[in-house]
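What follows is one structure encoded as structure tokens, with my remarks underneath.
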Amino acid sequence: MNLNVGIDVAKTKLDYCGLNSDHQILFQAEVPNQPSGVKAIKTAILAANHSQKFDKIIIGMEATSVYNVLPSYEFNQDADLQALDVQVVTLNPKMTSRFSKVYDDEKTDQIDAKNIAEFVLLGRYQIPVPRDEKHLALQRLTRERYHVVKQITDSKNHFLNNLYFKLNTIDTELPTSVFGKAMMSFLTDERYSLDEVATLPLDELVTELNRLSHGRFGNPEAIAKALKRAIQSSYRLDKVVLDSVNEVLGMYTNEIRMYQQQLKLLDKHITDLCQTLTEAKCLQSIPGVGPVYSAGIIAEIGQNDRFTKQTKIAKYAGLAWPRHQSGNTERQATPRTQTGDQYLRYYLIEAANSIRLHDPVFAQYYKKKYQEVPKYQHKRASVLTARKLVRVIFTLLKEHELYQPAKMV
């Protein structure tokens with residue numbers, strides 16, 4: 001006889017329901033999503049087990065944003081529950097939602113908790129290995145880094161959209177990035193109007209660019225000429241609109257610089273914490289994989305024994321193409337699954353793109369996949385290269401080995 005506990009997790013509360021193997025409800029209630037609530041659920045479990053000794057006790061809860069992480073961690077760390085070998089299972093909300101629709105019941109938190117317990121009773125789940133403190137701490141840093149990178153990308157896109165109003169031909173003329181520190185300062189500097197820059201002697205403009213860049217522009221004269229051409233070929237705005245555009249450009253310049261500073265700080269903390277993990281050395285032995293990419297991958301995969309096959313890591317990351325077969329027909333081209341851990345997928349793809357620039361085997365594989373299709377070549381080749389990388393990572397982590405480059409044939 002087993003005890004199956006289903007918990008419907010919300011930000012402020014936990015609805016829970018305990019079922020035995022005969023589908024009988026042993027306890028059901030609502031508690032706050034706080035340590036006191038976890039303690040109340042634990043008390044109910046211990047009381048039920050005292051009156052009827054269970055062969056196995058399973059606690060199941062959905063992966064609900066970040067709200068399930070802390071109660072799950074609390075259950076896993078509890079000494080009394082550990083003594084009973086209680087298993088804590090994190091469930092995919094899509095699976096439990098589809099399962100609930102079978103019953104065609106009303107939707108309430110209490111009913112959801114009961115349906116989760118029923119789902120656990122079926123046994124169609126995997127017992128995950130909980131992340132230890134180091135992996136959980138690293139995950140907080142690497143996931144926030146992912147969001148900071150997205151914020152930088154969004155801010156740069158907004159900057160470019162507004163820069164188009166000011167200099168709509170600059171992207172075709174300028175031989176350097178507009179996001180360099182000196183170039184952004186120049187483009188948002190209101191001391192010179194565009195007409196003044198266009199008529200400014202070339203040597204004076206070169207001197208100004210050298211001052212802003214501290215002499216770091218490789219060819220300031222070419223940049224100065226490109227700026228003059230961009231100004232001469234772009235539309236002109238009246239002062240009212242131009243002042244507004246300059247204000248917005250200045251705002252996004254400050255925002256980009258702020259996020260870039262946060263990114264450097266996060267990278268430093270990630271690097272320091274990554275040095276305490278032995279498996280990081282294995283991944284960093286791959287050419288092109290530094291502390292940040294290895295940390296992002298390790299933080300999501302967790303301990304080595306969480307996955308028994310490399311295919312499970314690929315599926316967890318959303319780098320899988322489900323088989324579709326019916327009768328004597330099997331579909332040859334199937335779409336990639338749209339589920340999976342977006343953070344792990346991001347770091348795998350970023351790492352794969354870096355590796356192909358350093359490792360000839362990965363470079364050859366990327367080129368082959370790139371040339372197979374006429375559209376979306378880079379996106380497709382990057383995803384498939386990341387899938388190839390999963391096999392390498394699984395082997396290195398499982399065998400505790402350093403990467404040995406394969407010989408080119």
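This structure is a prediction, so every number in the text was calculated from the model and none was measured.
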Sequence neighbours excluded and cut-off under 3.5 Å, please list the side-chain donor-acceptor pairs for residues 3-16, or say none.
residue, atom, partner, partner atom, Å
Asn4, ND2, Leu19, O, 3.4
Lys13, NZ, Asp15, OD2, 2.4
Lys13, NZ, Asp109, OD2, 2.5

Centroid separation Tyr346 to His147 less than 6.0 Å: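 Centroid distance Tyr346-His147: not below 6.0 Å, so no.
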
Please round to the nearest 0.5 Å and tell me the distance separating atom [atom1] of [X] and atom [atom2] of [Y].
| X | Y | atom1 | atom2 | value |
| --- | --- | --- | --- | --- |
| Thr169 | Tyr235 | OG1 | OH | 10.0 Å |
| Lys225 | Leu227 | NZ | CG | 13.0 Å |
| Asn162 | Leu167 | CG | CG | 12.5 Å |
| Met184 | Ser177 | CE | OG | 9.0 Å |
| Lys134 | Leu273 | NZ | CG | 8.0 Å |
| Tyr366 | Leu384 | OH | CG | 11.0 Å |

Side-chain donor-acceptor contacts of residues 390-406 below 3.5 Å, not counting sequence neighbours, with atom names and distances?
residue, atom, partner, partner atom, Å
Thr395, OG1, Arg391, O, 3.0
Tyr403, OH, Asp359, OD2, 3.0

I'd like to know if the side chain of [X] reaches the main chain of [Y], judged simply by a donor and an acceptor atom lying under 3.5 Å from each other, with no hydrogens or angles considered.
| X | Y | answer |
| --- | --- | --- |
| Thr276 | Asp272 | no |
| Ser294 | Val289 | no |
| Ser234 | Ile231 | no |
| Asp238 | Val241 | yes |
| Ser72 | Val69 | no |

Taking [atom1] in [X] as the centre, count heavy atoms belonging to other residues, nucleotides or ligands within less than 6.0 Å. Is the count above 12?
| X | atom1 | answer |
| --- | --- | --- |
| Lys181 | NZ | no |
| Met95 | CE | no |
| Gln310 | CD | yes |
| Arg140 | CZ | yes |
| Arg216 | CZ | no |

Once side chain to side chain donor-acceptor pair (under 3.5 Å) is applied, what residue pairs with a partner in [range] remain, sequence neighbours excluded?
| range | answer |
| --- | --- |
| residues 37-46 | Lys42-Asp78, Lys42-Asp80 |
| residues 50-61 | none |
| residues 20-31 | Asn20-Gln24, His23-Glu118 |

Do [X] and [Y] touch side chain to side chain, with heavy atoms closer than 4.5 Å?
| X | Y | result |
| --- | --- | --- |
| Leu277 | Ile298 | yes |
| Ile41 | Ile59 | no |
| Pro291 | Ile270 | no |
| Gln275 | Thr271 | yes |
| Leu81 | Val88 | no |
| Lys166 | Asn246 | yes |
| Ile152 | Lys156 | yes |
| Leu249 | Leu163 | yes |

Taking it one step at a time, do Asp154 and Lys150 satisfy salt bridge (Lys or Arg N to Asp or Glu O under 4.0 Å)? CA-CA 6 Å; Asp154 290 342; Lys150 287 190 67 176; over 6 Å; no

Should the pair Phe159 and Phe179 be assigned to parallel (<30°), tilted (30 to 60°) or perpendicular (>60°) ring geometry?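 Rings of Phe159 and Phe179: tilted, as their planes differ by 30° to 60°.
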
What is the ring orientation for Phe99 with Phe119, classed by angle as parallel under 30°, tilted 30 to 60°, or perpendicular over 60°?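 Because their plane-to-plane angle is over 60°, the rings of Phe99 and Phe119 count as perpendicular.
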
Which atoms form the tightest heavy-atom contact between [X] and [Y], and what is the distance?
| X | Y | value |
| --- | --- | --- |
| Gly302 | Arg306 | CA-CD, 3.9 Å |
| Leu348 | Leu319 | CD1-CD1, 3.8 Å |
| Gln284 | Cys274 | NE2-SG, 3.7 Å |
| Ala299 | Thr142 | CB-OG1, 3.6 Å |
| His358 | Pro360 | O-CD, 3.8 Å |
| Asn353 | Arg356 | OD1-NE, 3.0 Å |

Evaluate side chain to side chain contact (heavy atoms under 4.5 Å, CB included) for Tyr347 paired with Arg145, printing each intermediate quantity in order. CA-CA 11 Å; Tyr347 281 108; Arg145 185 188 185 277; 3.7 Å; yes

Test Val120 against Val89 for side chain to side chain contact (heavy atoms under 4.5 Å, CB included), laying out the working first. CA-CA 9 Å; Val120 171; Val89 183; 5.6 Å; no

Going through the distances and angles, do Met61 and Ile116 end up as a side chain to side chain contact (heavy atoms under 4.5 Å, CB included)? CA-CA 7 Å; Met61 63 181 77; Ile116 292 171; 5.9 Å; no

Would Tyr73 and Glu133 count as a side-chain hydrogen bond (donor to acceptor under 3.5 Å, both in side chains) if you check the C-alpha gap in whole Å, the side-chain angles of each, and the deciding distance to 0.1 Å? CA-CA 10 Å; Tyr73 183 80; Glu133 292 180 352; 3.1 Å; yes

Any carboxylate oxygen within less than 4.0 angstrom of a Lys/Arg side-chain nitrogen, looking at Arg143 and Glu300?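 Salt bridge flag = yes for Glu300 with Arg143.
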
Check this for me, if you would: do Arg345 and Asp341 make a salt bridge, where the nitrogen-to-carboxylate-oxygen distance has to be below 4.0 angstrom?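 A salt bridge is absent here (no side-chain N lies under 4.0 Å from a carboxylate O).
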
Among residues two or more places apart or on two chains, list those pairs meeting salt bridge (charged side-chain N to carboxylate O under 4.0 Å, His left out) that have a residue in residues 364-377.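 Every salt bridge (charged side-chain N to carboxylate O under 4.0 Å, His left out) pair that includes a residue of residues 364-377, provided the two are not neighbours, is Lys369-Glu372, Glu372-Arg380.
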
Using the rule given for side chain to side chain contact (heavy atoms under 4.5 Å, CB included), can you reason through Met183 versus Ile223, listing the C-alpha separation, both sets of side-chain angles and the distance that settles it, and then say yes or no? CA-CA 10 Å; Met183 188 53 61; Ile223 294 173; 3.6 Å; yes

Hydrogens and angles aside, do His135 and Glu279 bring a side-chain donor and acceptor to less than 3.5 Å of each other?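 A pair is found: one side chain offers a donor N or O, the other an acceptor, under 3.5 Å apart.
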
